[in-house]
Amino acid sequence: MKGFSRVVCDECSELLETAKKELLNGLARTTGYEFALTTELREDDAVVLGTLSSLQIQCVLSGLSADHLGEEGYAIYRVVKEGRQRIVLTANTAKGCLYAVFHFLRLLQTGEGVASISLMEAPKNKLRMINHWDNMDGSIERGYAGRSIFYRDNKFFADLTRVKDYARLLASVGINAVTLNNVNVHEVETYLITDQFLPDVARVAAVFRKYGIQTFLSVNFASPIEAGGLPTADPDDPVVKQWWETSVERIYRFIPDFGGFLVKADSEFRPGPFTYGRDHADGANMLAEALIPHGGIVIWRCFVYNCTQDWRDRSTDRARAAFDHFTPFDGRCHDNVILQIKNGPMDFQVREPVSPLFGGLMQTNQVLELQITQEYTGQQRHLCYLVPQWKQVLDFDLHSTEQGCTVAKVVSGELHHRPLGGVAAVANIGDDMNWTGHLLAQANLYGYGRLAWNPELSAQSITDEWVALTFGRNYDVLRIVSNMLLGSWQIYENYTAPLGVGWMVNPGDHYGPNVDGYEYSKWGTYHFADCKGIGVDRTVQTGTGYTGQYHSPHSELFESLETCPEELLLFFHHVPYTHRLRSGETVIQYIYDTHFRGVEQAMSLIDKWKELENKLDDSQFEHVLERLHEQASHAKQWRDVINTYFYRKSGIADERGRVIFS
Ligand code: GCU
């Protein structure tokens, strides 16, 4: 930025004020000197910010074709005119300008250089959302980084400074929507849509609005009864409909740009339309109709399954449930309804196949739901970087119409020409000073945002970016931290759950090994290990028929033992411990080997990190080191519990004679 000392912007709007502030602040921090802000170009080098209708922008750049920039895209150019350099940050909208600023600052910080910059970007997904599972008492369901930044003791915080910082964080990676409360809407939160809390919701929404982020609320389907005193919440009842219309009108009086509702209905004991003999399309459409006049949307979760299953019943399969429930409604939901499909089909396990529901809906808006918070993947005490997992999901070719029907193309709406779509993910932040508990877990939040913007980015490039932005541009730091992050999912899988078997965790908190923790429960989460073998038969021939929910060739590939991807073998098949993998190794030996290897790998993370001593801030170095020690020791617990369990079940010794406790 040599020679530059001025930012020029001749427009004013709430979002452009934010963009200007962020630009000036970011420039001062990266260059070490203050930039002046003026409204007119002068005879010097300048960064020029504004929408395409700004006069100053037009002076520098005319005739830019901006159609495909849409509402959120932007362009960044360096223009040299009459010996003066101008870096132009422009877009159709102020929001696009804000994103241009963040992109530009990212380039400066990662040292990519802006000498010959010329780029145009637009997000691939319209909805790029974060779902908070925060409760108003301050707790966070599945939160591992402190308490809520929004609430305490059933009140909103008066001071929203932390929320503002968070809004900056989210906007800097292009997140444009948040839900403020848990999908399990308890008694107090049911009143978020009433006069009691709407003034507070509006205060928070105002903070997010400054950063281009729309506010949504999770709602209780039984609100008409619980908050409205009606005898029913039947979606077909005119009084219920009227109640929702009035409630929605009230919300929009407080928050004119309110996004809409997120709904968990008929799921894990939450109320829903089933009570009234109605289906999910009826429920979603009723709410959608109340929101249509205001431009709001309904995001309806597909996480619906029988959670009071009898473990003796082998015919019910939780993995099948979303597809079975929702494909019959294809084409029945209004255009302002989006179905939010959890991945995987069971529940955010370390390894699951991609949900077949993405390939089963052609005429319905869809959102992919991921979980940034590491509920089943180490709870931010273990390093488990999920971007490589998410990439696999987004890149998965569903083969629904032809080749190239990836999950990314389905959820963006591109494939089936849907008006709405995108991605949503469960937040991993809390009021911990470093936001995420484990410093390196920040990479999951960052990576999620970048992938939501552009699912085509590679895991490597996102990771390198995050490391450079967080720790600076030291080559050793970049190499070591990127490598640690990118290998961590596989390491976690090695010492926890091999070959696609899940749920070997302690019930309730889901932390730590407990092989039979869920085996005889009502939750539909079984591995069926006995003295001969392990795994769930989900084939059409002899099992639950789940493989039949996929399009060809996946249905055949998953169905056959010969072609099933081995990392998912036990998800799809029940096999003897002596079944030989393609490598020649038996399943039982694979279980032992991966668990011994996983622990070694977890321990080697400590050595890698230690190479960075004196290259990082001391407190950051010590903090991560402590977490890595905890991870390695907990990995040993995993190894020993799993190995001993399967040794006892199978009676087969480790071929390599290592210590397995009996
Ligand atoms: C998981 C999680 C719950 C959560 C649920 C959901 O089952 O353990 O805490 O409520 O998912 O996604 O609704």
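Atoms within each ligand, like the ligands themselves, are counted from 1 in listed order.
Residues D134 and R147 are not paired through a salt bridge, judged by the lack of any N-O separation under 4.0 Å between the basic side chain and the carboxylate.
Under 4.0 angstrom from ligand 1, the non-hydrogen atoms of N184 all belong to its side chain.
The protein heavy atom nearest to atom 2 (C) of ligand 1 is E375 OE2, 3.3 Å. Looking only at protein heavy atoms, the nearest one to atom 3 (C) of ligand 1 is E141 OE2, 3.4 Å. Counting protein heavy atoms only, atom 5 (C) of ligand 1 is closest to E268 OE1, 3.4 Å. Of the protein's non-hydrogen atoms, K264 NZ, 2.6 Å is the one closest to atom 13 (O) of ligand 1.
For R450 and W466, the positive end is not near the middle of the six-membered ring at less than 6.0 Å and at most 45° from its axis. Judged by the 6.0 Å distance and 45° axis criteria, R318 is positioned over the aromatic ring of Y305. For R381 and Y144, the positive end is not near the middle of the six-membered ring at less than 6.0 Å and at most 45° from its axis.
Across all non-hydrogen atoms, the minimal contact from T194 to A227 is CG2-CB, 4.3 Å.
The distance from ligand 1 to the heavy atoms of D347 drops below 4.0 Å at these ligand atoms: 1 (C), 7 (O), 11 (O). Shown in contact with K342 at under 4.0 Å from a heavy atom are these atoms of ligand 1, numbered in order with element: 1 (C), 5 (C), 6 (C), 11 (O), 12 (O).
A side-chain donor from one of N494 and Q490 sits under 3.5 Å from a side-chain acceptor of the other. Side-chain contact, H510 with Y376: a donor N or O sits under 3.5 Å from an acceptor N or O.
Below 3.5 Å of separation, one finds no N or O of E369 facing any N or O of ligand 1.
Between Q371 and ligand 1 there is no heavy-atom distance shorter than 4.0 Å.
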